[in-house]
Amino acid sequence: YRSLALGAPGSAERRVVEAIQVHPQWTSGTTRHEARLIRSVPGLFAKVGAEGVYAAALDDGRAVALKIADGGHRAAPVVMAAALR
C-alpha cells in the first residue's frame, strides 16, 4: 500500500490510488465503512480484505495494515481509526 501511495504521477500505481480515492464505492460498495473513511480523510486509500485484514495508506507514504485475529470485521473500523489517529 505504501508503494502504491508513493507511485509516480501517471504511473499505474498512482492511477489505482486515485481511482480508489475518487470512487471508493467501486472497491467497497456503498455501505461499508472504508468508503466513508476514504471520503473523510484527505489523501487516504484503504481496502478491507479477507479474514479480517485491513490496509490503508496516505499520499505521504504513511501506511498501516491490521489483522483482526478472529477474522471478523466488527472491530476493524475502530482499530483503523485509532491507527490513523
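These numbers come from a predicted model, not from an experiment. Throughout, residue positions are numbered sequentially from 1 according to the sequence presented.
Residues L6 and R14 fail the side-chain proximity criterion, which asks for heavy atoms closer than 4.5 Å. When side chains are defined from C-beta on, Q25 counts as touching H23, because their heavy atoms get closer than 4.5 Å. By the 4.5 Å heavy-atom criterion applied to side chains, E34 and Y54 are counted as neighbours. Two residues are said to be in side-chain contact when any heavy atoms from C-beta on lie closer than 4.5 Å; I68 and H73 fail this criterion. Residues Y1 and K47 form a side-chain contact, since some pair of their non-hydrogen atoms from C-beta on lies under 4.5 Å apart. Residues E13 and S3 form no side-chain contact, since every pair of their non-hydrogen atoms from C-beta on lies 4.5 Å or further apart.
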Going through the checks in order, is the side chain to side chain contact (heavy atoms under 4.5 Å, CB included) test met by V17 and D59?
CA-CA 9 Å; V17 169; D59 287 342; 4.2 Å; yes
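Residues R15 and G10 share a closest heavy-atom pair of NH1-O, 2.7 Å. Here the closest non-hydrogen pair linking G7 and S11 is C-OG, 3.7 Å. Shortest non-hydrogen contact noted between R32 and V48 is NH2-CB, 4.1 Å. Heavy-atom minimum distance, A35 versus G29: CB-O, 3.9 Å.
There is no path of hydrophobic side-chain contacts, each under 4.5 Å, that joins L84 to V53. Cluster annotation: L4 is connected to I38 through the hydrophobic network of ILVMFWY side chains, with a link wherever side-chain heavy atoms come within less than 4.5 Å.
Using a distance-only test at 3.5 Å, with no hydrogens or angles considered, no donor-acceptor pair links the side chain of R2 to the main chain of R62. In this structure a side-chain-to-backbone donor-acceptor pair under 3.5 Å is present from Q21 to G43.
Taken from CZ in R85 to CE in M80, the straight-line distance is 13.5 Å, to the nearest 0.5 Å. In this structure, I20 CD1 and T27 OG1 are separated by 5.0 Å, a value rounded to the nearest 0.5 Å.
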